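Note sheet for the following structure.
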Amino acid sequence: MKRAIPLTLVLVLSIVFLIQYFIPSRVSQQLFDNTLQWEIVIGIPAVVIAIDSLIRHHVLKIRQRKKDWAYSIVYLGSALMMALVGIIGGIQQGRLFMRLFTYAMAPMQATVFALLAYYMASAAYRSFRARKAEATVLLLSAFVLMLGLIPLGASLWKGLPVIGEWMMLVPNMASKRAIMFGVGIGMAATNLKIMLGIERNWLGGD
Amino acid sequence: MVRSSLAVLAALLLAAGQLWALQPPAGLAISDIPDDDGTGLDLAWQASPDEAGPAFLGYIIMRATKPEGPFEQLNLMPRGVTAYTDIELDGRQDYYYRVVAVDTAGAASQSAVAGPARPKEEWFKVGKVNVLIGTALFIALVLVFLERAKRGRLFLRRLAGLDAVEEAVGRATEMGKPILYILGTSSISDIATIAGLNILGQVARKTAEYETPLMVPTYDYIVHAVAREVVKEGYNAKGRPDLYSEDMVFFVTDNQMGYAAACSGIMARQKPATNLFMGMFYAEALILAEAGAATGAIQIAGTDAVTQLPFFITACDFTLMGEELYAASAYLSKEPLLVGTIKAQDFSKIVIVGLVLLGSLIAIVVRSPFFYNWFSIR
């Protein structure tokens, strides 16, 4: 019974919204927009569950003195501090919360994001090592493409940007589209599997 | 002296601008937006003959509910634009429009009033008939292959990435190290996330079987709640609820780079034997995959994010590309009904490839827009 109700709900609502996709009228649009709001309603208890999980995870780590438990103190302390500063002092511009966000959180996020540049270089080095014929083709293609995209390439030979553009628009786009076809069909199949109750992993347990 | 001369010159230029008779745009036409909810109108006009002039600024769109006005100003469209879509209208009301050509000197010239026009509410999207036919065909294919799957086993080609999942779980068991499962940084409304959750269910069954520790740090609140249930069900299904712990699935943060940093930290400190990345990924994909590669873990990734696939291919041992992510749950479970849907997917791809070839041929030989129009979605 615990499974029958959600499965029936999924089937009925899937059929309703499949039909709704083809009906542009105001009633149909309102139904769609209102239903999207449900995600927010469902999200509220989910936030409580998630925060509870976060606190339990770190408290357990500290209590059991697991490896690197000290990091959990930093984590919980920072989270608690941000929450208190926001609740007591407000989150408007110029308040401590916003200053912490601007001068501590944002630079930390930017730092992690900046790691991408380093990782890209190391990933590119691994990919472009010409060990096999395919890797050599990849290396040459990347070399021509990169040269074609920078002013130096055009000054060396005017054909380089043209070849670079062709590589992006023809072979690259063709392979992207082939993947996108598969993705589209895969999405539709997953939806159908859920709709027909064939795929039930997402339901969890009783 | 110089200052007063400049003032006189400016006044003369301004007067000349105002006297200059700017020619108005002509042929203002209003049409109802097809396939909408009756709240929009499309406007189109012919450019003013003075549009090429250096002082020409653009067109002001004006609307009224009576032909005599009052007209309210809606928007200023730049030179070169001769169309405008007016939205959020009342379907029970008539509307009148005029377009005013303006230049930088302040000269203005308005078109004739066009109207009345009333937006019309439609009850079927005619432009999506092709989608309807395609959907019906696909559903029919799935149902046919489901029937065939009920009767007997269907052949499925080997997928190295998915065969490696079992191997990876075994390796983690032998090493006594955990498996890290990352569901990406999207919400539950993303189908890739749902596919990731479906695979998580199968992986949880295997970790329950082999008694391997599993760690699932989550990014989204709702995904967290669902992931917890999915893992719990996996352990129950294998008759090992005693091995399940709520701490296996733990929420980290909903900050993208914060999540990437936390997962990288887990990889560096706890050194999981296997890292699985299944779901939707953005810029954090390479950070996660490279951090994992540095620890020497077996890494299997699956995503439909085309822009992130090259990073995963580079940094992971196996990568499930696009549709393989959606086929993974069926492949791992080997349930005949689930496998039937993969067959329907494959058959649909054959149909699409056939249509692409046919379309290309028609486009080259006949050069008729008819075929193209059939496959454009409005």
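In what follows, every heavy atom counts, from backbone to side chain, and hydrogens, waters and symmetry copies are set aside. This is a predicted model, so every value here is computed, not measured. Letters A, B, ... are given to chains in the order of the sequence lines, protein chains preceding strands, and every chain is numbered from 1.
Of the possible donor and acceptor atoms, none in the side chain of R26(A) sits under 3.5 Å from a partner among the backbone N and O of E121(B). With hydrogens and angles disregarded, a donor-acceptor distance shorter than 3.5 Å links the side chain of Y75(A) to the backbone of V252(B).
Against chain B, the residues from residues 96-105 of chain A that qualify, each with a non-hydrogen atom under 4.5 angstrom away, are M105(A) in number order.
Among I139(B), I194(B), V249(B), the residue with the largest count of heavy-atom pairs under 4.5 Å with chain A is I139(B). When each of I222(B), L197(B), I287(B) is scored by its heavy-atom pairs under 4.5 Å with chain A, the top score falls to I287(B). Listed options S329(B), G258(B), G91(B) were ranked by heavy-atom pairs under 4.5 angstrom with chain A; first place goes to S329(B). Residue with the most contacts toward chain B among L192(A), I23(A), V47(A), L18(A): V47(A) (heavy-atom pairs, distance under 4.5 Å).
Put simply, the side chain of R228(B) reaches to within 4.5 Å of the side chain of I49(A), judged on heavy atoms. Residues I42(A) and I188(B) form no side-chain contact, since every pair of their non-hydrogen atoms from C-beta on lies 4.5 Å or further apart. Inter-residue side-chain proximity for M180(A) and V306(B) is flagged as met; some heavy-atom pair is nearer than 4.5 Å. Contact check for F22(A) versus V131(B): side-chain heavy atoms found under the 4.5 Å cut-off.
Between atom CG of residue L286(B) and atom OH of residue Y118(A) there is a gap of 11.0 Å, rounded to the nearest 0.5 Å. Rounding to the nearest 0.5 angstrom, the gap separating the OG atom in S175(A) from the CE atom in M321(B) is 9.0 Å. With values rounded to the nearest 0.5 angstrom, E290(B) atom CD is found 10.5 Å from M120(A) atom CE. Atom CG of residue L196(A) and atom OG1 of residue T341(B) lie 9.5 Å apart, to the nearest 0.5 angstrom. To the nearest 0.5 angstrom, F251(B) atom CZ is 12.0 Å from D52(A) atom CG.
For chain B, the nearby part of Q29(A) is the side chain; its heavy atoms alone come within less than 4.5 Å.
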